[in-house]
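Below is one structure, written out as C-alpha coordinates, with a few remarks after it.
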Amino acid sequence: MPTPTPSRPVSSTPTPAPTSAAPAKAVASSTPAATPDQPGCRNLAAGSEVKAAVTGAYQRAFPRFFHVQPAPAQFFYGECGGVRYAATRFEATSAATQEELVGMQDEGSVTKYFRSTSGGGWSYLTSDGFPRGAHGCGDIPQIPEALSEAWGNCGR
(Lines give C-alpha, C1' and ligand atoms only; values in the text may rest on other atoms or scores of the structure.)
Protein backbone atom coordinates (compact mmCIF):
# COMPACT_ATOMS: atom_id res chain seq x y z
CA MET A 1 0.00 0.00 0.00
CA PRO A 2 1.41 3.44 -0.88
CA THR A 3 2.51 5.70 1.91
CA PRO A 4 -0.01 8.53 2.48
CA THR A 5 1.23 11.96 1.61
CA PRO A 6 0.56 14.97 3.81
CA SER A 7 -2.55 16.82 2.80
CA ARG A 8 -1.19 20.24 3.82
CA PRO A 9 1.03 21.73 1.11
CA VAL A 10 4.68 21.84 2.04
CA SER A 11 5.57 24.57 -0.42
CA SER A 12 3.67 27.42 -1.90
CA THR A 13 2.80 27.48 -5.54
CA PRO A 14 2.12 30.88 -7.08
CA THR A 15 -1.45 31.37 -8.24
CA PRO A 16 -1.65 31.71 -12.01
CA ALA A 17 -2.61 35.16 -13.25
CA PRO A 18 -6.31 35.45 -14.01
CA THR A 19 -7.32 35.36 -17.65
CA SER A 20 -10.34 36.83 -19.31
CA ALA A 21 -11.98 33.43 -19.77
CA ALA A 22 -13.98 31.99 -16.91
CA PRO A 23 -13.46 28.35 -15.89
CA ALA A 24 -15.92 25.77 -17.14
CA LYS A 25 -18.88 25.20 -14.88
CA ALA A 26 -20.31 21.87 -13.83
CA VAL A 27 -23.49 21.05 -12.00
CA ALA A 28 -22.74 20.99 -8.30
CA SER A 29 -24.12 18.38 -5.93
CA SER A 30 -27.33 18.99 -4.02
CA THR A 31 -25.41 19.95 -0.87
CA PRO A 32 -26.92 22.96 0.93
CA ALA A 33 -25.37 26.32 0.09
CA ALA A 34 -23.80 26.66 3.53
CA THR A 35 -22.36 24.05 5.87
CA PRO A 36 -22.37 25.05 9.52
CA ASP A 37 -19.38 24.29 11.67
CA GLN A 38 -19.40 20.62 12.53
CA PRO A 39 -17.86 18.94 15.55
CA GLY A 40 -14.65 16.97 15.26
CA CYS A 41 -13.08 18.66 12.25
CA ARG A 42 -9.58 17.41 11.52
CA ASN A 43 -6.97 17.48 8.80
CA LEU A 44 -6.09 14.03 7.42
CA ALA A 45 -3.28 12.58 5.31
CA ALA A 46 -4.49 11.75 1.80
CA GLY A 47 -3.27 8.52 0.27
CA SER A 48 -3.35 7.51 -3.38
CA GLU A 49 -6.79 5.85 -3.02
CA VAL A 50 -8.38 9.10 -1.80
CA LYS A 51 -6.69 11.13 -4.52
CA ALA A 52 -7.83 8.64 -7.19
CA ALA A 53 -11.43 8.71 -5.90
CA VAL A 54 -11.50 12.53 -5.85
CA THR A 55 -9.99 12.61 -9.35
CA GLY A 56 -12.75 10.24 -10.49
CA ALA A 57 -15.39 12.58 -9.06
CA TYR A 58 -13.80 15.47 -10.96
CA GLN A 59 -13.76 13.48 -14.19
CA ARG A 60 -17.48 12.65 -13.76
CA ALA A 61 -18.28 16.35 -13.21
CA PHE A 62 -16.00 17.52 -16.05
CA PRO A 63 -15.89 14.60 -18.53
CA ARG A 64 -13.88 16.57 -21.10
CA PHE A 65 -10.90 16.44 -18.70
CA PHE A 66 -9.94 12.77 -18.53
CA HIS A 67 -6.12 13.02 -18.41
CA VAL A 68 -5.77 14.95 -15.14
CA GLN A 69 -4.22 14.52 -11.73
CA PRO A 70 -4.14 16.56 -8.52
CA ALA A 71 -1.47 19.27 -8.65
CA PRO A 72 1.52 18.48 -6.39
CA ALA A 73 1.38 20.00 -2.90
CA GLN A 74 -2.17 21.28 -3.57
CA PHE A 75 -4.33 18.50 -2.07
CA PHE A 76 -6.26 19.07 1.15
CA TYR A 77 -8.20 16.32 2.90
CA GLY A 78 -10.12 16.27 6.15
CA GLU A 79 -13.22 15.22 8.03
CA CYS A 80 -15.95 16.93 10.02
CA GLY A 81 -18.63 14.99 11.85
CA GLY A 82 -18.26 11.89 9.67
CA VAL A 83 -18.25 13.80 6.39
CA ARG A 84 -14.98 13.82 4.42
CA TYR A 85 -13.93 16.83 2.37
CA ALA A 86 -11.18 17.39 -0.18
CA ALA A 87 -9.87 20.40 -2.07
CA THR A 88 -7.35 20.41 -4.89
CA ARG A 89 -6.30 21.96 -8.14
CA PHE A 90 -5.86 19.67 -11.11
CA GLU A 91 -3.24 19.59 -13.84
CA ALA A 92 -3.03 17.75 -17.14
CA THR A 93 -1.02 14.52 -17.34
CA SER A 94 1.49 13.77 -20.09
CA ALA A 95 -1.26 11.86 -21.97
CA ALA A 96 -3.52 14.93 -22.20
CA THR A 97 -4.91 15.91 -25.58
CA GLN A 98 -4.39 19.37 -27.06
CA GLU A 99 -8.04 20.16 -26.23
CA GLU A 100 -7.47 19.16 -22.57
CA LEU A 101 -4.28 21.23 -22.37
CA VAL A 102 -6.02 24.33 -23.68
CA GLY A 103 -9.05 23.80 -21.44
CA MET A 104 -6.92 23.27 -18.33
CA GLN A 105 -5.28 26.69 -18.77
CA ASP A 106 -8.30 28.19 -17.05
CA GLU A 107 -9.97 25.21 -15.42
CA GLY A 108 -6.79 24.04 -13.71
CA SER A 109 -6.16 27.43 -12.13
CA VAL A 110 -9.02 27.16 -9.62
CA THR A 111 -9.37 24.87 -6.62
CA LYS A 112 -12.17 22.28 -6.74
CA TYR A 113 -14.04 21.13 -3.62
CA PHE A 114 -15.49 17.67 -2.94
CA ARG A 115 -17.29 15.75 -0.19
CA SER A 116 -17.99 12.14 0.69
CA THR A 117 -20.11 10.52 3.36
CA SER A 118 -19.54 7.08 4.86
CA GLY A 119 -22.23 5.53 2.65
CA GLY A 120 -21.42 7.30 -0.59
CA GLY A 121 -18.68 8.12 -3.00
CA TRP A 122 -17.05 11.45 -3.67
CA SER A 123 -19.03 14.22 -5.32
CA TYR A 124 -18.02 17.59 -6.72
CA LEU A 125 -19.28 20.55 -4.67
CA THR A 126 -17.96 23.73 -6.28
CA SER A 127 -14.91 25.61 -7.52
CA ASP A 128 -13.19 28.75 -6.31
CA GLY A 129 -14.44 32.01 -7.68
CA PHE A 130 -12.45 33.57 -10.47
CA PRO A 131 -10.34 35.24 -9.30
CA ARG A 132 -9.97 33.34 -6.05
CA GLY A 133 -11.33 34.90 -2.86
CA ALA A 134 -8.98 36.55 -0.39
CA HIS A 135 -9.64 33.86 2.25
CA GLY A 136 -9.02 30.79 0.07
CA CYS A 137 -11.29 27.92 1.05
CA GLY A 138 -12.51 30.05 3.95
CA ASP A 139 -14.65 31.80 1.30
CA ILE A 140 -16.34 28.53 0.30
CA PRO A 141 -19.58 28.10 2.29
CA GLN A 142 -19.75 24.32 1.68
CA ILE A 143 -16.48 23.79 3.60
CA PRO A 144 -16.87 23.96 7.40
CA GLU A 145 -14.99 26.91 8.84
CA ALA A 146 -13.07 24.76 11.34
CA LEU A 147 -11.78 22.55 8.53
CA SER A 148 -10.85 25.53 6.39
CA GLU A 149 -8.82 26.83 9.34
CA ALA A 150 -7.15 23.42 9.79
CA TRP A 151 -6.20 23.60 6.11
CA GLY A 152 -4.71 27.07 6.51
CA ASN A 153 -7.48 28.37 4.21
CA CYS A 154 -6.04 26.13 1.47
CA GLY A 155 -2.83 28.10 1.29
CA ARG A 156 -4.77 31.19 0.24
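Here the shortest heavy-atom pairing between Thr93 and Gln69 reads CG2-OE1, 3.7 Å. Considering every non-hydrogen atom in both Leu147 and Cys80, the closest pair reads CB-SG, 3.7 Å. Closest heavy-atom contact between Pro70 and Thr55: CD-OG1, 3.4 Å.
Atom NE2 of His67 sits about 10.5 Å away from atom CG of Leu101, to the nearest 0.5 Å. If you take CD1 on Ile140 and SG on Cys154, they are separated by 8.0 Å, rounding to the nearest 0.5 Å. Summarising the geometry, atom CH2 belonging to Trp151 is positioned 13.0 Å from atom CZ belonging to Arg42; distances are rounded to the nearest 0.5 Å. Residue Asn153 holds its CG atom at 7.5 Å from CG of Asp139, rounded to the nearest 0.5 Å.
For Ser116, the side chain to side chain donor-acceptor pair (under 3.5 Å) criterion is met by Arg84, not counting sequence neighbours. Every residue two or more places apart in sequence or in another chain that forms a side chain to side chain donor-acceptor pair (under 3.5 Å) with Thr97 is listed here: Glu100.
Contact of the Thr111 side chain with the Phe76 side chain is not registered, since no non-hydrogen atoms from C-beta on lie closer than 4.5 Å. Lys112 places a side-chain heavy atom less than 4.5 Å from the side chain of Tyr124. Considering only heavy atoms from C-beta on, Tyr85 stays 4.5 Å or farther from Cys137 through its side chain. Between Pro72 and Glu91 the shortest side-chain heavy-atom distance falls below 4.5 Å. Between Phe75 and Lys51, some side-chain heavy-atom pair lies under the 4.5 Å cut-off.
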I'd like to know whether Val50 forms a side chain to side chain contact (heavy atoms under 4.5 Å, CB included) with Phe114, so could you lay out the CA-CA distance, the side-chain angles of the two residues, the decisive distance to 0.1 Å, and finally the verdict.
CA-CA 11 Å; Val50 169; Phe114 303 85; over 6 Å; no

Apply side chain to side chain contact (heavy atoms under 4.5 Å, CB included) to Val68 and Gln59, showing your working.
CA-CA 8 Å; Val68 295; Gln59 291 166 328; 4.0 Å; yes

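With hydrogens and angles disregarded, a donor-acceptor distance shorter than 3.5 Å links the side chain of Arg60 to the backbone of Trp122.
Outside the 6.0 Å centre-distance limit, the rings of Phe90 and Phe65 are not counted as a close aromatic pair.
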